[in-house]
Amino acid sequence: MQLFTVDPDWTETGVTWNNGPLARRNYGGVTVTSRNPREPLYPGVSYSWDATIAVAEAYAAGTPLNIALYTAAEPMHTSKYFHSSEAGDSDNEARPTLIVTWGAPVEVRSRVFLPLLSR
């Protein structure tokens with residue numbers, strides 16, 4: 001599954017199957033394996049993407065962060081399920097969650113280390 005920023009802005013009630021926003025930039029992906037039918041369905045397996053650059057770019061531009069997860073997997077039962085906030089409190093663990101951790105900028109100085117040569 002790939003993490004993309006998308007254009008143009010979209011709303012939950014305005015997007016349909018045929019007018020979904022276009023992918024703008026790919027921020028990487030992870031391999032999501034099929035679920036073993038003998039394992040419990042909820043809350044599922046957690047996967048993570050690094051959205052640091054996408055968040056920083058949106059913040060610097062003063063624009064909302066518009067992201068989408070996409071998979072090219074064609075079969076319907078690939079075990080790639082997401083649950084919205086309308087699913088109720090019992091599915092809190094299964095919902096996609098964006099976690100942003102802010103920090104203070106750190107000055108980075110370059111250093112050159114030369115080996116000590118002795119005769």
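We number each residue from 1, following the sequence as shown. The figures here come from the full heavy-atom set of this structure, side chains too, leaving out hydrogens, waters and symmetry mates.
Under the ring pair (Phe, Tyr, Trp, His ring centres under 6.0 Å) criterion, Tyr59 pairs with Trp102, sequence neighbours left out. In this structure Thr63 satisfies the side chain to side chain contact (heavy atoms under 4.5 Å, CB included) test together with Ala58, Ala61, sequence neighbours excluded. For Gln2, the side-chain hydrogen bond (donor to acceptor under 3.5 Å, both in side chains) partners are Asn26, not counting sequence neighbours. With sequence neighbours left out, the salt bridge (Lys or Arg N to Asp or Glu O under 4.0 Å) criterion links Asp7 to Arg24. Applying the side chain to side chain contact (heavy atoms under 4.5 Å, CB included) rule to Asn19 yields the partners Val15, Thr16; only residues at least two apart in sequence or on another chain are considered. The side chain to side chain contact (heavy atoms under 4.5 Å, CB included) test applied to Arg25 returns Thr5, Tyr27, Ile53, Glu57, not counting sequence neighbours.
The two residues Ala23 and Val6 make their nearest non-hydrogen contact at CA-CG1, 4.1 Å. Thr31 and Tyr47 get closest at one heavy-atom pair: O-CE2, 3.5 Å. Scanning both residues, Trp49 and Gly29, for their nearest heavy atoms gives NE1-CA, 3.8 Å.
Contact check for Leu69 versus Leu3: side-chain heavy atoms found under the 4.5 Å cut-off.
One hydrophobic cluster, built from ILVMFWY side chains closer than 4.5 Å, cannot hold both Trp10 and Ile67; they sit in different ones.
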